[in-house]
Every structure is written in structure tokens, then in C-alpha cells.
Amino acid sequence: MSRIIAIGTDLVFKPRFEAILLRTLIKQKINANNSSSSNQHILRFSSRILHPLQELPIFLKYYNGIQNFIVSPSAVASQGGFTNSAMIKMLSSLNANMDNEFVRSIEQMREDTNFKHCVSLLSTSWCLKEALYKVLDPNFQKSGFNFKDWYKINDLDTGKPILIGETYTSKHANEEFLISLSHDGDYVYSVVLRQKYNL
Amino acid sequence: MLRSSLVRFARVGATRAPLKAPLTVSAKVPLSFPLKVPILYSYHRMYSSAPALTREIITERILELLEDYDNIKLPEKISVNANFKKDLGLDSLDQVEIIMEIENEFSIIIPDDKADEINTVKDAIDLIEAQPDAV
């Protein structure tokens, strides 16, 4: 006997993650001389969302493929989010010193497969975990829930996505999360269904 | 044996160069007030410390940080008691971004569980004030 307890959904606009990623690339370039903090920004953000063993290494592999590139200041300013004028000034001076082949426009960055993988990983992960958050019990939502405890893998035969949260499942063995994802251009949509088995 | 090693020791001390005299300006300058005093070697280290982080300074910096954020649709609503969700119309992704920008600005790390509790600007100010190593 199984009983559906809750359903949750989330819709994500991918350019928001593109903007964050571009800003972290810039901050990394600006802090390139100070090597201790060069990777801090992207690590803080991605390690908040992604599972440290199952998702983060894949993300970093793609991220290393794009970190040599830099985007023009006007492109960054048009993206929204934090458009710190001081940062844009620093970026202009960096652009002047960099070889042209490393300076890209937003369109070029968007076509880069590594960049697309990075954005896709972050946005899909966020979308799923936000939907998941909505189905959980209120007291677990307040304390105990972390995005990075969960990860998504795809069934090797059917391609169906599966959401796994090891610490949660060990305490609630009779619960199951059914998920589904959909992509269309700049949007990612997810739905999560929480089901309990009465054994 | 002890005597010979003592003598050797004393000889080493004697060949050391004498202490340099303090540096003085020797150019001929007319006597002017305030008097130019000779530069003496300082035997004390004077480390400067960062200016104290008061609540006013924290508030100012956070409000400035929020004004830089484009996703806030109604910038006139930015105030100390503004709620991120209700007043400023921000969602959870915006909140993560703002928390990270605050971490950057004040050179602190906010653990995830504390970050989830920050719902208003005042919560953020309280949290930073409670951090002893915030800059």
C-alpha cells in the first residue's frame, strides 16, 4: 500500500545561472594574482548546490574548460544580477591586457559546450532540489535539509532520472521520490512526488 | 679549555661592527617650525588594525550592496527592516547570491543553516555583527 504525501515543482530560467557563472569567471580572473581566493567564489556557489562526490567533480571538470575565457564588460552589465561598477572597471582593464582569442561575447560563451554543461548542471540540480524542498516536512525543511546532500542520476537503461539522498533515506526507508524534468530553451522545469510505503 | 673558548668568544664579539649612528638629515636647511627631527630606528613594531566595524558601517555597506543588485524590482523598498521575499520580491536563488556577496564583502563564511535563517536585512546585520572576524 503506497500513499502520495506531497508534490512539488519548480521552474528555472537558465540565464540567471549564466549570469552567476560569468560573474564568478570574472571574479576569478580579477583575483588571479591572489591564488588562494581564485577558485573560492565558484566553489562556494557550486558546493552549496551540488553533491560533493556525485555532482561537483563533473561540474568542475567542465568548469576547468572555460576558466581561461573572459567576457566583455558591456556584456556582463547587460546580464543583471550584481553589476558592480567597480568590478566592471577592473574587467575593462583586464580585457585590455588579455589576448583577443580569450575575450568572448555572451553569444560565444553560450555556444561553448563546457559552459552549456556547467549551466545545465547547476540549473537542473537547483530546479530539482527546490521542488524537493517543497515536498519535505516543515521541521526537516528548517533544519536538516541541505541541497548538497542530494543528487540526481539517470537510470542507465531507461534514462529515467532518480533522486537520491542517502542520509534521508537511511532514516525514512519507506519513502520514495518520483521525479521528472523538462527543458525548453532557457527554461528547466521539474516535478517531484513524495510517496510513502506502508510496509 | 673553558678559558680558551671564552677568549675565542670574546674575540668574535670584538670584531663585530659597531652599531650605526642614527640617520640624520645633514642638508643645510633653514630652521623652520615644526622642527625636522632625526629619524631614529624604531625597535617596536606598530601594526595597524582595521577600523572597528560598527553597526552603522555594516548597515551602510549592506544597503549599498543591495542597491547594486539588479534583480530587486523596487529599489525604494530597500531598508533595514525589508524582508527579502515580501518587500524586495526576491526568491531563493537571489537570496543565495546575496548571502554570497555578503560573505565576499565582509570576508566571512556563513554556514548554510545560518544562511537559511536570514530573511530580512536586519537578520543579516545581526549575523555580521555577531561574527568577530568580519572585516
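Everything numeric in this text was worked out from a predicted model, so none of it was measured. Note that these values count all heavy atoms, side chains included, but never hydrogens, waters or copies made by symmetry.
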- Look at A:F147, A:F17, A:Y133 and state which one has the largest set of heavy-atom pairs under 4.5 Å with chain B.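 Between A:F147, A:F17, A:Y133, the count favours A:F17.
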
- Task: Could you verify whether a donor N or O on one side chain and an acceptor N or O on the other, from A:T167 and A:K171, lie under 3.5 Å apart?
- Result: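 Distance-only check fails for A:T167 and A:K171.
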
- Short side-chain donor-acceptor distance under 3.5 Å, B:Y69 and B:E97: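 The answer is yes; a qualifying pair exists.
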
- Contacting region of A:K148 [heavy-atom separation from chain B under 4.5 Å]: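 For A:K148, the contact with chain B is made by the side chain alone.
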
Please flag which part of [X] lies under 4.5 Å from any non-hydrogen atom of chain A: side chain, backbone, both or neither.
X      : value
B:I99  : side chain
B:D113 : neither
B:E103 : side chain

- Item | Backbone N/O of A:K196 and side chain of A:R3: donor-acceptor pair under 3.5 Å |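 Checking the backbone N and O of A:K196 against the side chain of A:R3, no donor-acceptor pair under 3.5 Å is found.
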
- Side-chain heavy atoms of A:E175 within contact of A:Q195, under 4.5 Å: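 Heavy-atom side-chain distance check fails, nothing below 4.5 Å.
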
- What do the steps show when you test A:D112 against A:K116 for salt bridge (charged side-chain N to carboxylate O under 4.0 Å, His left out), and what is the final call? CA-CA 6 Å; A:D112 186 80; A:K116 278 197 278 198; over 6 Å; no

